[in-house]
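See below for the structure under consideration.
Values reported hereafter were calculated over all heavy atoms of this structure, with side chains retained and with hydrogens, waters and symmetry mates removed.
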Amino acid sequence: MAAASQTVGEALVGMLEAAGVDTVFGIPGVHTIELYRGLAASSIRHITPRHEQGAGFMADGYARVTGRPGVCFVITGPGLTNVLTAMAQARADSIPMLVISGVNATPTLGKGRGHLHELPDQAALMRTVALWSHTLTEPAELGSMLTKAFSVMTEGRAGPVHIEIPTDVMKLPAGDAAFELLEATPLPASAGDLKRAADLIAASRKPVILAGGGAARHADAIRRLADALDAPVVSTTNARGILAGHPLDVPASPSLGCIRDLLTGSDLVLALGTELGPTDVDMYENGEFSLPDNLVRVDVDSDQLARGPKAALAVHADLGAFIDALLDIETMRSLQRSGDGPGRAAAARKGALMETGEPYVEMIALLHEIWKVLPNATVVGDSTQLVYAGNMYVEAPRPSSWFNSATGFGTLGYAAPAAIGAALGAPGHPVVSILGDGGLQFTLAELGSARDCNAHVAFVVWNNSGYLEIETSMVSAGITPVGVTPSAPDFTMIASAYGLPAKKVSSVEELTSALGSLQRPCLIEFVGRT
């Protein structure tokens with residue numbers, strides 16, 4: 001409960017502390033200074049990016065490695081529109097993010113008089129992207145509003161939520177506003193769905209599991225299920241590492257023909273925690289992805305189950321709860337399997353890697369070399385060639401050790417700030433940020449943010465002198481390339497200007513040597529790539 005003398009801004013900080021928030025990403029402004037009144041005396045660390053989009057991407061990276069919501073403080077109007085892109089990426093990838101903004105004083109709302117940072121309807125704009133957006137008008141509602149925000153982010157399919165507080169309300173006494181963090185109860189599967197799933201599994205002889213980002217935090221359960229079914233596990237981009245080192249692991253994209261053959265050649269596919277979105281299963285947009293009639297989908301989002309391929313069984317449930325209950329059924333405990341799952345998985349791995357083609361095979365080998373030097377590293381990627389290769393196939397060492405913005409919403413400029421957030425969220429894991437020379441220039445100034453907080457990040461710039469992937473697409477479509485060769489600065493000089501150790505390299509050996517020797521944060525520019 002808020003102390004009687006606390007303002008709304010001070011009480012909010014205390015409630016965030018009570019919710020376990022230890023980091024806030026934001027840029028203070030005249031419309032949010034009251035939110036900062038209690039921050040210095042709290043245990044919450046404040047990280048200042050160079051742009052609010054950077055704040056959102058930092059919160060995203062933080063949330064992915066911790067499993068807890070990333071929190072942003074942004075100003076009214078431009079601060080909020082700046083963070084909107086990051087919220088859209090979080091919405092696409094189901095990442096919990098709490099964005100707290102100011103809004104103009106209550107008497108001015110909707111008047112259109114040209115007040116500083118005024119938007120016609122800020123809340124309406126946010127509702128197009130946020131799972132939930134609310135305007136606080138009564139101080140007494142602060143606690144219940146925050147309780148609702150955390151519930152929306154953590155129950156069901158995660159995503160961004162937004163709270164806006166008018167500048168006049170921030171200063172008011174909080175009164176008796178009370179906050180309670182509700183413990184989420186995993187949604188169980190119905191007995192009928194469990195029995196039907198067990199029967200389908202028992203009747204199958206060549207099952208395959210297709211795991212999406214929603215399965216990333218259920219790695220142990222997925223492993224137990226895969227062992228019980230003797231089923232290869234195909235992982236989409238956000239599920240890479242879920243079965244790391246396991247003989248049933250198939251860390252390859254369903255966009256590849258041999259992975260599609262594995263799926264269509266099975267007699268049962270269990271699609272777990274995946275929306276079956278085109279950027280995961282049809283990256284080349286040839287429309288050839290398909291699944292067998294015996295498809296079981298399990299998802300915590302009932303709306304998602306109503307979309308996409310028709311399933312023989314659609315189970316609305318928490319994935320971990322579903323697997324635990326399923327494996328406890330007598331039919332599942334007495335399964336007889338042929339034992340050919342590891343062989344099918346090995347053949348799929350070999351075929352997938354070869355199918356990516358020689359340039360990608362070399363890039364994938366480079367990614368694996370990074371993990372040889374830094375086995376505990378988290379690799380955070382932008383939309384760039386090296387990342388596209390890894391999304392087709394990469395053997396990540398653990399869940400959430402490979403993620404990027406090249407799927408879903410597909411932003412540029414993500415990797416630098418997201419890597420900083422990841423480094424702050426999991427300080428025991430070094431972070432490697434992979435960026436193109438074009439993408440880094442979207443958020444180049446965040447190198448200064450990395451220096452400010454001494455983030456343990458190595459920024460690896462894949463310099464191919466422009467937007468090479470877009471240029472290749474233009475040529476393939478018979479279009480004369482235009483606008484694909486933006487000038488790039490000397491990235492090592494800019495990094496040095498921010499106080500970061502920096503080095504140019506032109507071989508894998510030089511790259512791994514630099515990764516092993518340079519103090520963090522640092523920048524390594526891989527030059528001469530075409």
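Within a 6.0 Å radius of CG in Asp293, other residues, nucleotides and ligands contribute 12 heavy atoms or fewer. Within 6.0 Å of NZ in Lys504 there are more than 12 heavy atoms belonging to other residues, nucleotides or ligands. Counted within 6.0 Å of CG on Asn376, heavy atoms from surrounding residues, nucleotides or ligands total more than 12; the atom is thus considered enclosed.
Nearest heavy atom pair, residue Thr279 against residue Gly408, reads OG1-N, 3.0 Å.
At a threshold of 4.5 Å between non-hydrogen side-chain atoms, the residues Ile75 and Ile27 do not count as touching. Two residues are said to be in side-chain contact when any heavy atoms from C-beta on lie closer than 4.5 Å; Leu263 and Leu291 meet this criterion.
Using cut-offs of 30° and 60° on the angle between ring planes, the pair Phe526 and Trp462 is tilted.
Salt bridge Asp93/Arg64: present, at least one basic N to carboxylate O contact under 4.0 Å. A salt bridge links Arg157 and Glu275; the closest N-O separation between the charged side-chain nitrogens and carboxylate oxygens is under 4.0 Å. A salt bridge links Asp452 with Arg50: at least one charged nitrogen is closer than 4.0 Å to a carboxylate oxygen. A salt bridge between Arg260 and Asp282 is present, with a side-chain N of the basic residue lying under 4.0 Å from a carboxylate O of the acidic one.
Between the side chains of Arg398 and Thr378, at least one donor N or O sits under 3.5 Å from an acceptor N or O.
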